[in-house]
Amino acid sequence: MRLSQILIATLREDPADAEIPSHRLLARGGYIVKIAAGVYTFAPLMWRVVRKFAQIVREELDRAGANEVMLPIIQPKELWVSSGRWDRYVTDGIMFTLKDRKGSEMCLGPTHEEVMTAYVNAQVNSYKQMPVNCYQIQDKFRDEIRPRFGLMRGREFIMMDAYSFDADVKGLDVAYQKMRDAYCRIFERCNLRYTIVQADSGAIGGAGSEEFMVVADSGEDSILFCEASGYAANVEKATSRLPDAPAGGEVRPMSKHGTPNVRTVAQLEQFFPGWQAGRMAKTVLYKATWKDKEAVVAVMMRGDLEINEVKLVNALDAMAVRLATDDEIKAATGADTGFAGPVGLSDKVRLLGDLSLQGRTNLLTGCNETGFHCLDVNPGRDCRMPEFKDLRLARAGEGCPVSGQPLQQARGIEVGHIFKLGTKYSSAMGATFMDQGGKPQPFVMGCYGIGVSRTPAAAVEQNHDDKGVVWPAPIAPFEVVVGMLDPKKDDQVKLAEQLYGELQQAGVDVCLDDRPMSPGAKFKDHELLGLPVQVFVGRRAAEGMVEFLIRKGLQKSELAVADVKGRVLAALGRS
RNA sequence: CGGGCCGUAGCGCAGUUUGGUAGCGCGACUGGUUUGGGACCAGUAGGUCGCGAGUUCAAAUCUCGCCGGCCCGACCA
């Protein structure tokens with residue numbers, strides 16, 4: 001391919017709205033062009049990158065026995081009602097919806113469990129037809145609350161989504177493991193540094209799930225891990241060994257104390273010398289929303305620890321929670337914010353407590369009276385016993401649940417997510433097959449996603465320098481560029497064409513930069529574009545010498561023409 | 001949805017406070033000179049100043065409404 005025939009429009013200045021390296025470099029390199037918030041055009045070079053990555057995904061999924069299909073983007077409301085997800089997705093505002101000319105409601109698919117389940121249900125009637133695993137590489141649409149970071153969080157994006165259908169949990173386990181292995185091969189083939197973490201299964205639901213995280217400072221997810229044990233989890237899901245706190249001792253009588261304007265744990269430590277945060281139970285009020293109702297709930301947490309809202313949502317089986325407002329707190333407790341507690345709490349308010357408080361004695365808590373707190377509160381005696389759940393946010397430095405070593409923290413970009421769904425969707429939608437006993441059974445499903453447009457952006461996060469992108473060769477738009485520095489000089493043109501032909505013959509994905517630009521501009525352009533291997537034919541062409549550049553580290557050397565092919569193949573690891 | 005801010009040429013921005021001829025850099029185009037680190041000279045084109053209403057002799061500038069976008073937070077397969 002000749003670059004003079006490809007639309008390449010690099011920018012000289014950084015776009016004003018780009019925050020993170022991948023967004024900045026992809027926009028400046030002309031790889032992506034924004035058309036609306038979170039909606040991008042993929043320029044020719046970027047589309048080559050996406051196609052290369054998609055091809056790797058295809059090869060590995062096909063090898064794992066999955067079938068590629070193409071599902072519709074436009075989906076009828078009824079399908080989503082049948083799985084029970086229409087309301088949640090519409091309430092959350094995450095789904096683009098539209099009406100057809102008859103007024104029937106439709107949506108642009110944010111995910112395809114429903115469509116795929118309906119499809120497979122119509123085709124598969126017997127356990128003999130399974131296992132089945134189908135996938136597609138397709139545009140997805142989500143009206144994200146806050147699109148940002150270029151391709152990282154768009155409102156239209158490309159995703160591979162696969163769905164496995166098995167007759168039983170054993171089959172699902174096999175399908176899941178196959179996909180997990182395929183994912184590892186995919187990300188390894190792209191030379192990405194990634195880690196697999198235990199994850200919350202979120203809106204998709206289901207039993208178990210793991211995320212594939214590309215480690216990068218700009219990642220939106222926080223992960224905790226332990227090198228000693230290999231434990232790694234999204235902070236939403238992570239647990240840790242409970243940090244020590246001073247024991248409460250023998251049960252004592254409760255006492256109530258005036259605490260004017262003392263509202264926070266830190267202020268209480270000041271006000272009651274000797275009462276450390278670990279002996280307090282803070283009570284935080286949340287407004288929780290379910291499909292058909294909403295309510296304020298109270299959550300007790302040891303004073304030195306934090307609440308994990310994702311765990312809280314799961315414990316309540318709610319759609320969402322948020323901190324209650326001052327007015328809602330006053331209405332639920334009768335007291336101003338900062339004085340809520342289990343003592344004297346109305347029976348109407350559901351009370352949860354973190355496991356860290358189970359069995360603890362003589363706590364310091366609020367008592368739902370503005371300006372007062374209680375000492376030596378003993379749940380079960382002085383107040384209701386809360387429903388104990390794991391609601392705690394694990395933090396770096398706390399002990400790994402497996403090894404006890406301090407957990408470390410890193411940022412990650414979620415590029416893949418695999419779930420064991422079980423029968424959640426098949427049961428809801430009545431998707432069944434006949435088992436060996438002739439009885440209808442719901443399909444046991446798994447679902448598996450890879451961010452096909454996000455992964456190349458994540459690759460840029462991991463592979464760039466201050467000059468530009470440094471593409472990993474397997475997903476680079478071209479592996480090699482042969483650049484003629486002066487297209488007016490016959491000897492340069494001739495030699496560049498010769499090398500270009502030779503490399504093509506050798507099976508290298510090579511392009512010829514025959515654009516009429518000054519040498520300096522051409523060098524800068526290629527530093528920004530970031531093709532892995534760059535060969536420049538310049539003023540020493542007549543002597544049969546060219547310049548050879550490895551983009552990673554910008555290592556340059558002069559090379560005789562005869563050695564070019566060998567060096568290129570070696571650089572690409574194909575010698 | 002809450003808080004902060006922005007919208008002026010393809011891109012990056014000034015001009016708005018204090019109303020009075022719409023500017024700068026980069027890019028683009030033409031001609032010439034250049035050709036190893038985003039060249040130089042000369043010239044040219046390109047703007048309903050986001051949209052609508054209002055105030056005014058006069059609005060990019062003031063007022064109101066709307067739309068779009070960015071950042072922080074909440075949110076997020």
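Note that these values count all heavy atoms, side chains included, but never hydrogens, waters or copies made by symmetry. Please read all numbers here as calculations on a predicted model, not as lab measurements. By convention in this document, chain letters (A, B, ...) are assigned in the order of the sequence lines, proteins followed by strands, and residues within each chain are numbered from 1.
Take A/A496 and apply the side-chain contact (heavy atoms from CB on, under 4.5 Å) test, not counting sequence neighbours, and it matches A/V482, A/M484, A/L512, A/V537.
Not a single donor-acceptor pair under 3.5 Å links the side chain of A/S427 to the backbone N or O of A/K424.
No contact: A/K522 has no heavy atom under 4.0 Å from any strand. When heavy atoms are screened at a 4.0 angstrom cut-off, A/D161 is found touching no nucleic acid atom at all. Residue A/E527 is classed as a base contact, given a heavy-atom separation below 4.0 Å to a base. Note on A/K34: only backbone sugar-phosphate atoms sit closer than 4.0 angstrom, heavy atoms only; bases stay farther off. Within 4.0 Å (heavy atoms only), A/Q492 reaches no atom of the nucleic acid at all. Residue contacts for A/R322: at a heavy-atom cut-off of 4.0 Å it reaches no nucleic acid atom on any strand shown. Here A/G449 lies out of heavy-atom contact (under 4.0 Å) with every strand.
If you check distances only, the side chain of A/K488 does reach the base of B/U35 with a donor-acceptor pair under 3.5 Å. Counting atom types as modelled, A/R142 pairs no side-chain N or O with a base atom of B/C76 as donor and acceptor under 3.5 Å.
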Listing time: all N or O pairs from protein to nucleotides 3-13 of chain B that are below 3.5 Å?
{"residue": "B/G12", "atom": "OP1", "partner": "A/A16", "partner atom": "N", "Å": "3.4"}

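The existence of a salt bridge linking A/E306 and A/K282 is confirmed by a sub-4.0 Å separation between a basic side-chain nitrogen and an acidic carboxylate oxygen. The pair A/E19-A/R148 does not count as a salt bridge, with every side-chain nitrogen at least 4.0 angstrom from each carboxylate oxygen.
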Which donor-acceptor pairs under 3.5 Å do side chains of residues 211-218 of chain A form with protein atoms, sequence neighbours excluded?
{"residue": "A/E211", "atom": "OE1", "partner": "A/N234", "partner atom": "ND2", "Å": "2.8"}
{"residue": "A/S218", "atom": "OG", "partner": "A/E461", "partner atom": "OE1", "Å": "2.7"}

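Nucleotides B/G7 and B/A14 are separated by 15 Å at their C1' atoms, to the nearest Å.
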